[in-house]
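Structure first, commentary second.
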Amino acid sequence: MKRIYLDHAATTPVDPEVLEAMLPYYVESFGNPSSIHSFGRETRKALDQARATVAKEIGAAEPSEIIFTGSGSESDNMAIKGVALSYREKGDHIITSAIEHHAVFDTCKFLEKQGFKVTYLPVNGEGLVNPADLKQALTDKTILVTIMHANNEVGTIQPIAEIAKILKERKILFHTDAVQTTGSIPVDVHELGVDLLSLAAHKFYGPKGVGVLYARKGIRLTPVIHGGAQERNRRAGTENIAGIVGLAKALELANQKLPETSKSLTELRDYLIDNVLQKFEYVRLNGHRTRRLPGNANFSFEFIEGESLLLNLDLKGIAASSGSACTSGSLEPSHVLLGMGICHEIAHGSLRLTLGKSTTKEEIDYVLEVLPEIVNKLRAMSPLYNN
Amino acid sequence: MKRIYLDHAATTPVDPEVLEAMLPYYVESFGNPSSIHSFGRETRKALDQARATVAKEIGAAEPSEIIFTGSGSESDNMAIKGVALSYREKGDHIITSAIEHHAVFDTCKFLEKQGFKVTYLPVNGEGLVNPADLKQALTDKTILVTIMHANNEVGTIQPIAEIAKILKERKILFHTDAVQTTGSIPVDVHELGVDLLSLAAHKFYGPKGVGVLYARKGIRLTPVIHGGAQERNRRAGTENIAGIVGLAKALELANQKLPETSKSLTELRDYLIDNVLQKFEYVRLNGHRTRRLPGNANFSFEFIEGESLLLNLDLKGIAASSGSACTSGSLEPSHVLLGMGICHEIAHGSLRLTLGKSTTKEEIDYVLEVLPEIVNKLRAMSPLYNN
Amino acid sequence: MYTDKVMDHFQNPRNVGEIENANGVGEVGNAVCGDIMKIYLQVEDNRIVDVKFKTFGCGAAIATSSMVTEMVKGKTLEEALEITNQAVAEALDGLPPQKMHCSNLAADALHKAIQDYRSKLAG
Amino acid sequence: MYTDKVMDHFQNPRNVGEIENANGVGEVGNAVCGDIMKIYLQVEDNRIVDVKFKTFGCGAAIATSSMVTEMVKGKTLEEALEITNQAVAEALDGLPPQKMHCSNLAADALHKAIQDYRSKLAG
Ligand SMILES: Cc1ncc(COP(=O)(O)O)c(C=O)c1O
Ligand SMILES: Cc1ncc(COP(=O)(O)O)c(C=O)c1O
Ligand code: FES
Ligand code: FES
């Protein structure tokens, strides 16, 4: 059976060109970049180049502002804990949104246990934070605001630059989780006006296990991983050279093709959304209709539960995901959908289809073809559906 | 110029067989193991298998005791901070040694700032911790002891099993940093009697950017990286499948060949040590003569400084390392050598040669051939040397 | 993640639907939790002669519902009440640990339906 | 890490050694820090006619020692005193940031040697 991958927000395959760039750094060029001998200097050079590339791609002022980490989650943890612990004498208040990724959300919950105060800004029905709410939440003790660039479930893009302006005036540090946006829409730290930014390679056709935290020069960051002097004493551990080289290459490629990919993905996404909304009763689009990631479509099908929808799609060769938390072993439905004011029943029935650069119109047509019979079958089985 | 790599303690090349095992997990089999669709189930299976392999190789009772991390440093941080934060109500005292890797040392320093009390056990001139010292240091408030299995600079192997016995009686958690030993000497958590153990793939011909923390069932660990439910809620972040598969494969291969490699490395190491001690005046072997890692030789050449020795060796094609901290940008000489009671002057002149499975007698002979002229040249230049 | 048996019952659920004049109906769960199961019984002479179900829930929820209906058909009420959650899960060759809560629901719904029948009988 | 010039001076250090009857000697650093530099001057008519050095230290320490001796040979003391740490580093096409402390030492040692000469002259 031909398989159709529509879960690009979860992860993407490594681009063969990226893998090719990585391959020299396993068997042949393997030195520890901290070593002063020729093996080490070789990989140090690759590391420096990758850092310069990433700095350039995201508009950082200096390569030293780029910190390589082991994942997007680690970048988020490091930004938030790093600032919290370093600026505690200035204040103990952090502001975030109600629909952040768990890497931000759980880190904030952890810091609450450590005595910090956290405000979780509400979002509207489309998933947007209101900058006016942020303004109101600011206090003398606010040391950090962390708001994601775009949401991983519903794709809504936040008004980051607008928020940054408010914070710049008050000299409050601003972090954004750009794990979903990097490589998909333009991400430039200068234009966004952020002080810290997280990204992860595996979301833009790079390898898993490597991420970046951008931290503007001068920001103090207590390390999350203590130890050796790597990454200017900010993140210990022998550098994952192959992964870092892959991240830089993937970012370069993604940004090169961005205008083109973004346009075609948006078209395909809109085609999918329009057709689903037309074809079905009791369906709603989650997230903002236009202010959303090019590849993201997220629907709620009333009366049915997400996992059974996914399993049926999988049986038809279609890989998708859901906000349904049952899939991850917890019984809570997505805090993102609930945070947007969607009721439990409907939140449980969400279906996220995320398109990628290899997605074709034929694939979307196939989805549109098989979806009705699956939805009908599940609704016929549902005690909530009475037609 | 033929290059000779004698810095295997810093890092090792990936075994081609390991790379081969990793390759399917970049471009083809790339799903997120948390996804329920076929792409995710594929990598979930690989993840489960790798976990089972690692558990078996280190003698863990259950695969769930294996936590994949992003590095040896992260494993160390997670073990120590994880236990410290989870058991704080039981006590606030941690015991370690004076010659731990910075990933342990700096983590302990950090915890001291957070209000924990840390005892740094002294070591003798050969780098050995005395279990009697440990016994004396124990208090009612001791929640964790962390002592490395073998030291990365001087190769001395600690009496871990003996220490474990003391701690088991008192029900105090015991962590060992086995980053240098795994794959080089037998590492079995049951035989060592430890509750937590760190290892890193790149030290045994696996990829960089992936490590393991073994944590015996039932041990509570506050995460270092908060977020998603990966690794049973203990370490968030999309799993680095290729890296994890590589780690498991590398560990399997290393342990398969261990008896053989260990024997031949020990012979070669002894040949090197004997010859150097014979050939030079004013040279000493650092670390224990026999209770040391099979591939480790560490010398101090009096009157000369480590980095200039390394640079000269590098010009001859020989990759080595030094305890000299100048190489890493700090001005402190190795805390390991100082901790062993070696004076600053001599500590600055240390040379670590670490042999690996590809090292040949010819290579060692070449080192023995070029070393005298380099040492003589530098001594002739030294204001400390008066012959 | 799921066994072949679970997938079989998920794909081809047995006894889906309602029984118009069911003399025992049991419902458990709620939309907040994400699982709702409703079991309809036709009991005659203390024996379950027909059973149907409707379920809103995950793959395990659907499969356990389907399985429990198969297991009780033709059984006496006493026999049916002996069916445990564990038995349903075992009949499906096991469930993922985090899904065991769903198999609980299937037995619960059955027992509630039997209760309903008995209370109607009594009333 | 090091420039070609640094590596050249490191591999082929100029003016290594001692001057038996040096009339100015300067030593800086200590073994704890890991750098010791000793500079020997032969001064005639206020001019440095010969200079030699001995250094215990890293590649940068050796290269800066060598470079500073080249820079001062033939210079008057006043000219020599104008040589700054920065100038030595620049003459070597730069040093890694964490090594700048070594280039400091080379100028310091030179200045100390000149001081030594002058104080002997004065005494
Ligand atoms: C004993 C020891 N512990 C921890 C580490 C840290 O490992 P990594 O650099 O992979 O984080 C190393 C190696 O650098 C080591 O030798
Ligand atoms: C918005 C967002 N933040 C953080 C992460 C965490 O990234 P990773 O799983 O690579 O650690 C993800 C993806 O899972 C994400 O979508
Ligand atoms: S429906 Fe929630 S675990 Fe099955
Ligand atoms: S000798 Fe220490 S930095 Fe040069």
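Predicted, not measured: the structure shown is a model, and the values here were computed from it. Hydrogens, waters and symmetry mates play no part in the numbers below; they use all other heavy atoms, side chains included. Residue numbers start from 1 in every chain, and the chains themselves are labelled A, B, ... in the order their sequence lines are given, proteins ahead of strands.
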For this output row, return yes or no: ring centroids of Phe303(B) and Tyr282(B) closer than 6.0 angstrom.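 For Phe303(B) and Tyr282(B), the ring centres are under 6.0 Å apart.
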Measure from the ring center of Tyr385(B) to the ring center of Phe56(D) and say whether it is less than 6.0 Å.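 They do not qualify: ring centres at least 6.0 Å apart.
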Could you tell me the separation between the NE2 atom of His9(D) and the NZ atom of Lys5(D), rounded to the nearest 0.5 Å?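 If I round to the nearest 0.5 Å, the distance is 7.0 Å.
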Using non-hydrogen atoms and a 4.5 Å limit, figure out which bit of [X] sits close to chain B: side chain, backbone, both or neither.
| X | answer |
| --- | --- |
| Glu27(D) | neither |
| Pro13(D) | side chain |
| Ile62(D) | side chain |

Would you find more than 12 non-hydrogen atoms of other residues, nucleotides or ligands less than 6.0 Å from Lys113(B) atom NZ?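 12 or below, so no.
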Pick one of side chain, backbone, both or neither for Leu311(B), based on which atoms fall under 4.5 Å of a heavy atom in chain D.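 The answer is both parts of Leu311(B).
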